[in-house]
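Here's the structure we're looking at; comments come further down.
By convention in this document, chain letters (A, B, ...) are assigned in the order of the sequence lines, proteins followed by strands, and residues within each chain are numbered from 1.
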Protein chains: 6
Amino acid sequence: MSDDAYERGMEVRREVLGDEHVDKAIGSTTELTADFQSFITRYAWGEIWARPGLDRKTRSCITLTALVALNRQEELEMHVRAALRNGLTPDEIREVLLHCAVYCGVPAANAAFAIAKRVLEDDS
Amino acid sequence: MSDDAYERGMEVRREVLGDEHVDKAIGSTTELTADFQSFITRYAWGEIWARPGLDRKTRSCITLTALVALNRQEELEMHVRAALRNGLTPDEIREVLLHCAVYCGVPAANAAFAIAKRVLEDDS
Amino acid sequence: MSDDAYERGMEVRREVLGDEHVDKAIGSTTELTADFQSFITRYAWGEIWARPGLDRKTRSCITLTALVALNRQEELEMHVRAALRNGLTPDEIREVLLHCAVYCGVPAANAAFAIAKRVLEDDS
Amino acid sequence: MSDDAYERGMEVRREVLGDEHVDKAIGSTTELTADFQSFITRYAWGEIWARPGLDRKTRSCITLTALVALNRQEELEMHVRAALRNGLTPDEIREVLLHCAVYCGVPAANAAFAIAKRVLEDDS
Amino acid sequence: MSDDAYERGMEVRREVLGDEHVDKAIGSTTELTADFQSFITRYAWGEIWARPGLDRKTRSCITLTALVALNRQEELEMHVRAALRNGLTPDEIREVLLHCAVYCGVPAANAAFAIAKRVLEDDS
Amino acid sequence: MSDDAYERGMEVRREVLGDEHVDKAIGSTTELTADFQSFITRYAWGEIWARPGLDRKTRSCITLTALVALNRQEELEMHVRAALRNGLTPDEIREVLLHCAVYCGVPAANAAFAIAKRVLEDDS
């Protein structure tokens, strides 16, 4: 039924997260996680990230903010890398996190800066 | 000490939230809330919103996302209006909320769509 | 593409939330909310609620808990009604909320009991 | 079994929240909420609020902060009143909320100031 | 006063979390944590988990959901083990987490699947 | 413009967090984090912690509570140390966490006790 959504989702997911990350996620899929992997590929990536209404830089800003607000630190690390891939500069990532300090509180931003520092220094 | 931050903050705050909203906030300031009003004008508006590193449309996307994630509904209503003022179209606001559905959960997006619908139908 | 998910989702959604509620949600759909309505029908209802791996009483317990933990009060009201429709007794709903008091904190449970009281007294 | 905790809890609860509030809570207890009412009287009030290790002013500061952070607005209103009863001045309540602005974010403090303003102006 | 609650609580706690876990928790109790250990044994376990109104499989579903929603990862690991002990199958745990993806957001479910994968692969 | 706030903030920050911690934070500042470091020194420390309206012991109680409620564990560790420096005894820290158990839920307090135990046993 939703083969199109899966294929489109996998394509967008690879563009945003990188082949290495996606290959690893798929390679470690088990019976426990297979339906979830299919579900997020089709819905998060094939339905939402694939929509044309916002560019990917803006979608990265939204994603980073949600992860800072919700305190999802592993996922935040992955999406700092994705943000670079989507064209955000380190300076723009800094601006997103500073903006989050006001809305989500200083500890949320502090934890996010620690993660971003680790990722951006590894990558530069 | 920080008169510059206050003046710059008040200017940005008026541009983003509108004179009517800001005049009302200032007019209802009391001894209890005066220091907080000064603090947010300098801190949120004079320091962060005033920074040149991201355009205001992007700052609105970030702000909306934080408010959806943190379930701050009154503030979300105010910032849907601010988003329009900052140049986001209703279609772009819809995209922000759809993106939030994936990251913050469906109930968060559902509540946000109800608020956005009320604001955008009143304003159009 | 995913007509099956939509039809299956609409069927489950009607069974769980009731025709009156769903008719009202669909009747008030606008350009702003149409894609979100389609998305949740396919995604939340057609994909997840439709899965056979847990009975609907258990899915209602999970849903109520998530809404209590996440402080989504309008949605909680709707899902207290849905829980009755799915076969939970008022006594079982009380047990879910008591259990939540320990894990989510007393204020979360207190707000939830106020909502459940209103719904269950209206319905009995 | 735990009659002592119940009696001690009811005494502390009345001192902190006031007879009027507690009489109303007890008077509106139903089969749905009776066990929860007993539970919070013994657990929150008889066990924790009754402990001698912190004075009640400090316990009010802690309680207000938790409610601001967790976005529990009805309960916050009740505990602004309780804070006055426990001896916090409006100026001290303002300080708690300003401190929360930094740690919980500006929207959390903004909503809390709106509630405190309503309560403190009604009561003065 | 509440010796009964303590004994009943310790019995239920051992049945749900296992002797090894509980022995370790008790063995590492210090002056700092003794009252908290007593408190949770009597209230969380002796009062709430001990109630007959919901079976333990359902209580595990509720507990897992609360921990996913609240992002309490260490505790989630412990309660995935407890869920197995309470009779949930890995397939049912998967269903709980998929259901949470919709209500709590995809990152919450993603972190939870990583934890569940680790626990369920260690245990099988 | 805000040199005074920066200097006052740095002084308070050093008194509360200790020279060793602050020297390390400053020494590891990079282009990415410099503006955030300046921002929190001036606002969190120079504006809020420096206010005379609450003593530092009370500000530590508020800070600990916010961090428990918001699940910010690294920051909580730092502020358990700061609480000792501000004059809270281990017994008072225990009381804060017990109080949080009721309002923020048992898992929040459980994680916080694990952190406090580690810090307080290292320090005694």
Side-chain angles (χ1 to χ4, degrees), chain C residues 18 56-124, chain D residues 2 5 9-10 12-13 16-17 21-22 24-51 59-60 62-83 100 104-105 107-108 111-112 115:
Chain C
R56 288 196 187 160
K57 283 183 63 170
T58 305
R59 291 193 183 277
S60 269
C61 292
I62 293 168
T63 306
L64 292 174
T65 303
L67 297 172
V68 172
L70 298 169
N71 198 15
R72 300 291 173 182
Q73 302 197 9
E74 307 84 350
E75 196 104 348
L76 180 58
E77 180 169 339
M78 180 175 84
H79 275 287
V80 172
R81 295 187 199 284
L84 291 173
R85 188 177 287 271
N86 278 340
L88 281 180
T89 64
D91 282 3
E92 288 169 323
I93 292 171
R94 181 194 62 212
E95 293 300 318
V96 174
L97 302 188
L98 278 170
H99 202 100
C100 286
V102 167
Y103 287 92
C104 309
V106 160
N110 205 18
F113 269 110
I115 289 166
K117 192 162 180 275
R118 209 162 55 228
V119 173
L120 297 174
E121 287 176 351
D122 288 357
D123 283 24
S124 63
Chain D
S2 50
M10 194 49 83
V12 176
R13 192 179 178 189
V16 173
L17 298 184
H21 177 90
V22 177
K24 196 173 150 201
I26 290 171
S28 64
T29 300
T30 62
E31 198 188 330
L32 181 75
T33 60
D35 286 4
F36 180 62
Q37 284 296 318
S38 165
F39 180 73
I40 59 174
T41 300
R42 288 175 293 118
Y43 172 84
W45 298 101
E47 288 268 347
I48 301 297
W49 273 91
R51 291 175 68 90
R59 290 193 184 277
S60 268
I62 294 168
T63 307
L64 291 174
T65 303
L67 297 172
V68 172
L70 298 168
N71 198 13
R72 299 290 173 181
Q73 304 197 7
E74 306 85 349
E75 197 104 348
L76 180 58
E77 179 169 339
M78 181 174 82
H79 275 287
V80 172
R81 295 187 199 284
C100 286
C104 309
I115 289 166

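- C:K117 contributes no side-chain N or O that, together with a main-chain N or O of D:T30, makes up a donor-acceptor pair within less than 3.5 Å.
- Residues of residues 62-76 of chain C lying within less than 4.5 angstrom of chain D, judged on heavy atoms, are C:V68, C:A69, C:N71, C:Q73 in numerical order.
- Closest heavy-atom contact between D:F36 and C:V106: CZ-O, 4.0 Å.
- Note that CG of D:L32 and CZ of C:R118 are 12.5 Å apart. Values are rounded to the nearest 0.5 Å.
- Among all heavy-atom pairs drawn from C:V102 and D:Y43, the shortest one is CA-OH, 4.3 Å.
- With a 4.5 angstrom heavy-atom cutoff, C:A116 touches chain D via backbone and side-chain atoms both.
- Using a 4.5 Å cut-off on side-chain heavy atoms (C-beta onward), D:E31 and C:P90 make no contact.
- The CG atom of C:L98 sits 7.0 Å away from atom CZ of D:F39, with the distance rounded to the nearest 0.5 Å.
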